Amino acid sequence: MTKITALLLAGSRPGSDPLALAAGVPVKPLAPVAGEPMINYPARALLAHPSIGQLVILTQTPELYKAEPATAWLGDHPQVRFEASNSGIASTLLGLLDRPDLPFPLLVTTADHVLLDTDMLDQFLTEGQGADIAVAMVERATLLARYPASRRTWLKFRDGWWSGANLFWFGSAKAHAVISLWQEVEQDRKKGWKILAAFGPLVLLGALLRLLALRSGIARIGRRFGLSAKLVAMQKAEACIDADKGEDVTLIEDILRGKTSAVSSVRDSI
């Protein structure tokens with residue numbers, strides 16, 4: 001597999017973030033989860049994966065991460081560099097797609113994807129191969145089977161209710177067209193019907209009437225833009241649990257404690 005450039009979104013949206021305010025930190029990615037800044041978790045997961053060649057952290061304030069002792073290691077790591085980001089995700093990505101030092105394929109994820117791990121990356125990178133654009137999502141039954149109290153934003157389709165998993169694959173420059181559309185609707189990212197409407201009346205009507213499966217819908221969107229688009233239905237429920245709210249952080253810390261306990265139990269038995 002060609003070495004992949006990972007883009008880690010660690011910027012700030014306009015206005016204050018509740019998690020940052022509650023933690024007394026200047027930006028959300030520095031808010032602690034289980035005792036350390038949340039950005040450290042996805043950064044380490046990406047750098048530990050053999051398919052990742054370089055990690056580019058996109059932020060308006062790189063100096064904050066370099067000055068904070070718990071994240072200063074990012075500024076010293078040979079595979080990591082910081083790049084300036086805009087206020088919007090899509091506009092930031094559009095400014096990077098033609099850069100010769102950021103060759104395709106590109107993997108994009110977010111600093112609040114605390115539970116990102118090798119299994120998720122293995123699945124997404126394997127299934128994303130060959131697509132011009134791929135998006136990871138989790139079907140509601142997959143999440144609720146393990147975490148019935150977890151609340152997500154769901155899009156309803158014939159093949160289930162789906163929530164985003166903050167993993168995106170851009171395999172070629174053909175992704176430009178879809179990202180441009182993303183830029184138009186990203187302010188309404190929590191209003192599913194507006195996002196669907198932006199992709200055309202057939203997709204919107206199909207979703208509302210449950211006539212359209214998400215897999216075929218994404219493929220249809222791709223054909224509209226002359227590219228190959230793919231849904232990656234993530235097998236792990238944790239793939240769609242990001243640190244967006246205080247209750248998310250509580251759940252994530254419970255999950256992390258569970259993993260720590262499991263590791264400790266294995267070590268104790270050896």
Side-chain angles (χ1 to χ4, degrees), residues 4-49 52 54-77 79-93 95-96 102 106-118 120-121 124 135-136 152-153 163-170 182 186 189-190 234 238-253 255-256:
I4 295 162
T5 296
L7 306 180
L8 185 58
L9 304 178
S12 302
R13 294 191 179 94
S16 58
D17 180 86
L19 286 181
L21 284 175
V25 294
V27 290
K28 176 185 169 182
L30 289 176
V33 176
E36 66 174 308
M38 68 173 68
I39 190 175
N40 281 352
Y41 295 93
R44 286 180 181 139
L46 292 164
L47 290 168
H49 199 280
I52 302 300
Q54 63 174 326
L55 172 61
V56 180
I57 299 176
L58 300 171
T59 176
Q60 300 100 330
T61 53
E63 68 279 0
L64 294 177
Y65 300 97
K66 296 176 182 179
E68 166 58 45
T71 55
W73 68 276
L74 292 167
D76 299 328
H77 197 287
Q79 288 176 260
V80 178
R81 71 188 217 232
F82 288 85
E83 291 277 354
S85 67
N86 300 322
S87 59
I89 296 173
S91 60
T92 297
L93 294 177
L96 297 174
L102 297 175
L106 301 173
L107 169 72
V108 180
T109 190
T110 57
D112 61 2
H113 203 333
V114 176
L115 296 174
L116 183 68
D117 63 16
T118 299
M120 294 179 204
L121 289 170
F124 188 66
V135 57
R152 303 287 103 193
T153 298
S163 186
N166 285 354
L167 283 169
F168 305 92
W169 166 276
F170 300 114
W182 183 5
E186 68 178 343
R189 74 191 196 287
K190 296 296 185 183
M234 300 299 290
E238 294 85 355
C240 70
I241 301 175
D242 54 11
D244 200 36
K245 304 180 293 294
E247 62 193 67
D248 298 326
V249 173
T250 299
L251 174 59
I252 289 168
E253 289 179 334
I255 293 169
L256 291 173

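What you see is a predicted model; the values in this text were computed from it and never measured.
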Side chain to side chain contact (heavy atoms under 4.5 Å, CB included) against Asp17, all qualifying residues, sequence neighbours excluded:
Leu19, Ala20, Lys28
Does Arg152 pair with Asp248 as a salt bridge, N-O distance under 4.0 Å?
yes
Ring pair (Phe, Tyr, Trp, His ring centres under 6.0 Å) partners of Phe168, counting only residues at least two apart
Trp182
Check whether His77 reaches the backbone of Leu47 with its side chain - one donor and one acceptor, N or O, closer than 3.5 Å.
no
Side chain to side chain contact (heavy atoms under 4.5 Å, CB included) filter on Arg44, not counting sequence neighbours, yields Glu36, Asn40, Trp73
If you compare all heavy atoms of Ser85 against all heavy atoms of Gly11, which two are closest, and at what distance to 0.1 Å?
OG-CA, 4.1 Å
Under the salt bridge (Lys or Arg N to Asp or Glu O under 4.0 Å) rule, what pairs show up with a residue in residues 59-69, not counting sequence neighbours?
none
I'd like to know if the side chain of Tyr65 reaches the main chain of Leu30, judged simply by a donor and an acceptor atom lying under 3.5 Å from each other, with no hydrogens or angles considered.
no
If the condition is side chain to side chain contact (heavy atoms under 4.5 Å, CB included), which residues does Ala67 pass it with, not counting sequence neighbours?
none
Heavy-atom nearest pair, Gly164 first then Cys240, reads O-CB, 3.4 Å
Please identify each residue that fulfils side chain to side chain contact (heavy atoms under 4.5 Å, CB included) with Ala34, with sequence neighbours left out.
Tyr41, Glu253, Leu256
Quiz question: by atom type and distance under 3.5 Å, do the side chains of Thr110 and Asn166 form a donor-acceptor pair?
yes
Look at the side chain of Glu83 and the backbone N and O of Val56, then say whether any donor-acceptor pair between them is shorter than 3.5 Å.
no
Looking only at atom types and distance, does a side-chain atom of Thr5 sit under 3.5 Å from a main-chain N or O of Leu102, one as donor and one as acceptor?
no
